[in-house]
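Please read the structure below before turning to the comments.
These numbers come from the heavy atoms of this one structure, side chains and all, not from hydrogens, waters or symmetry mates. In each ligand, atom 1 is the first atom listed, and ligand 1 is the first ligand listed. Just so it is clear, the model here is predicted, and its values are computed rather than measured.
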Amino acid sequence: MEKSIRSIVHSLPSKQAGMVKSDRAIRLDKGEFPYPPAPQVISAIQAAASGINRYPEVLTNTLRQALADYNQVELDQIFVGNGSDDLIELVLKICIEPGDQVILPVPTFFVYGAASQMLGGVTVAVPRQADFGLDVAAILAAITPRTKLIFIANPNNPTANLVDRMALIELLDQTDCLIVVDECYFEICQTTIAAEIEKYPNLIVLRSLSKGFGLAGLRLGYGITNSQMTDYLYRIAQIFPVNQLAIAAGMAALANLDYMETKLAEIKKERQQLAEALQALGLKVYRSDTNFLLVSCKSWHITSASLVAQLAQQEIFVADFGGKPGLDNYHLRIATGTPAENEVFLATLQTLKP
Ligand SMILES: Cc1ncc(COP(=O)(O)O)c(C=O)c1O
């Protein structure tokens, strides 16, 4: 069997099963929306369930039209997929031949690197500036004839910041490499570059219904780009890129924007209170345009790995980013939970303060 396995597969690490968490667990480690989705979304999934003996609509045009209306673009400027993770891979599939290069301003979302390597791409890490802004000159200097793609998460994960719009425009002006601007947190920050898709044919904007609409478990993402690019992407995509329940849920979520807006206002208020409470405990909290906070525990003279492990013992889960590319050993990422979750988290954290 080994002779049939691509050599790149041997060089990739095995995936580890996720830890099973109890119902009591406070889960602030995955940057999730802490509330259930809108009641209308749950009803729509229930109503669609009896029809799942049928395949979904080819190309999913009904959902694409709803997303086009939501974004005030045309249907053929929208493509959909099984979460933005799936779309990150799809974009790579249309442009990466083995050995081609992908530029990643680091620190950034790990899936870009993992997916690039899986497809035979070579990642080129370009450090961000001290405030985690883009170093446009360094990115431009890193471009070679083999550079096919640049991934820019905006806002970025795990650093939570938006990059300067003029830096993005400068990059778009200076290169014809594909530029993916990943706007997974758009509903939270309301900042987008999508209006530029016709001006820059190399621009692909990615979006997700995981964060703002609370559909992470369903896996639904989409992208906005020009119609030629959409056509290329769909040539490579599976014929049924998203499932029937995700289509029903996505349509219902888009028809009930009030729910999302109300919940996001609560999340942003909680994020502010959480940030202030963490600062009051002496921790460094970075500015956030997402639903999570990047925090440094250096002032506590304790590594993030140790702090995260101590919290996990009490069934409180936050994400350790200590030692990840571009970060020192003291960084952790904490999602905004419900008020009750944040209260328990803060009370527990207080007990761990050295
Ligand atoms: C920047 C960024 N892009 C994409 C994703 C993945 O989103 P999805 O759930 O749509 O696959 C995440 C998830 O945390 C993210 O932070």
Side-chain angles (χ1 to χ4, degrees), residues 15 18 27-34 37 41 60 63 67 78-92 102-116 118 128 132 134 149-163 168 179-189 191-194 204-224 233 237 241-243 245-247 249-250 253-254 260 267 271 286 288-294 317-321 324-327 331-337:
K15 288 198 174 61
R27 300 161 60 154
L28 309 178
D29 54 333
K30 298 239 163 36
E32 292 154 336
F33 188 86
V41 168
T60 323
L63 176 60
L67 288 165
I78 295 280
F79 58 102
V80 295
N82 193 35
S84 19
D85 284 352
D86 181 37
L87 299 175
I88 289 165
E89 224 175 278
L90 184 64
V91 173
L92 284 157
V102 178
I103 293 183
L104 307 178
V106 293
T108 197
F109 186 45
F110 79 100
V111 170
Y112 306 142
S116 302
M118 204 164 67
R128 287 174 176 249
F132 300 129
L134 283 187
L149 186 58
I150 306 171
F151 277 109
I152 296 162
N154 201 37
N156 190 34
N157 179 2
T159 59
N161 64 306
L162 277 165
V163 300
L168 274 183
I179 298 187
V180 169
V181 179
D182 181 347
E183 297 180 353
C184 185
Y185 302 93
F186 165 69
E187 280 72 22
I188 302 163
C189 68
T191 299
T192 181
I193 194 88
I204 302 176
V205 174
L206 294 186
R207 297 276 183 82
S208 173
L209 275 80
S210 297
K211 308 295 181 177
F213 292 95
L215 303 187
L218 263 188
R219 315 304 300 126
L220 184 55
Y222 68 99
I224 313 172
L233 289 159
V242 291
N243 72 72
L245 301 184
I247 295 170
L254 293 168
M260 175 265 285
I267 290 170
R271 179 186 71 193
Y286 294 79
S288 173
D289 288 291
T290 65
N291 59 343
F292 60 80
L293 298 170
L294 180 71
F317 296 93
V318 300
D320 177 22
F321 275 84
K324 291 283 156 60
L327 293 172
H331 284 92
L332 50 151
R333 190 190 64 196
I334 302 162
T336 311

Item to complete: List in chain and number order the residues that pass side-chain hydrogen bond (donor to acceptor under 3.5 Å, both in side chains) with Ser116, two or more places apart in sequence or in another chain; answer none if no residue qualifies.
Response: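 In terms of side-chain hydrogen bond (donor to acceptor under 3.5 Å, both in side chains), with neighbours along the sequence ignored, Ser116 is linked to no residue.
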
Discussion item. Test of understanding: with side-chain hydrogen bond (donor to acceptor under 3.5 Å, both in side chains), list the residues that count as partners of Glu32, not counting sequence neighbours.
Written reply: none

Worksheet item: Does Phe292 have Arg333 sitting over its ring (NZ/CZ under 6.0 Å from centre, angle to axis within 45°)?
Response: yes

Practice prompt. Report yes or no: is the cationic atom of Arg27 (NZ for Lys, CZ for Arg) under 6.0 Å from the centre of the six-membered ring of Phe317, at an angle within 45° of the ring normal?
Written response: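 Negative - Arg27 is either too far from the ring of Phe317 or too far off its axis.
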
Worksheet entry | Arg219 atom CZ: more than 12 heavy-atom contacts under 6.0 Å | yes

Worksheet entry | Which residues share a ring pair (Phe, Tyr, Trp, His ring centres under 6.0 Å) with Tyr222, sequence neighbours left out |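 Tyr222: no ring pair (Phe, Tyr, Trp, His ring centres under 6.0 Å) contacts found.
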
Worksheet entry | Atom-level proximity to ligand 1, residues with heavy atom under 4.0 Å |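 Residues Gly83, Ser84, Asp85, Phe109, Tyr112, Ala153, Asn157, Asp182, Cys184, Tyr185, Ser208, Ser210, Lys211, Arg219 each place a heavy atom under 4.0 Å from ligand 1, listed by chain and number.
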
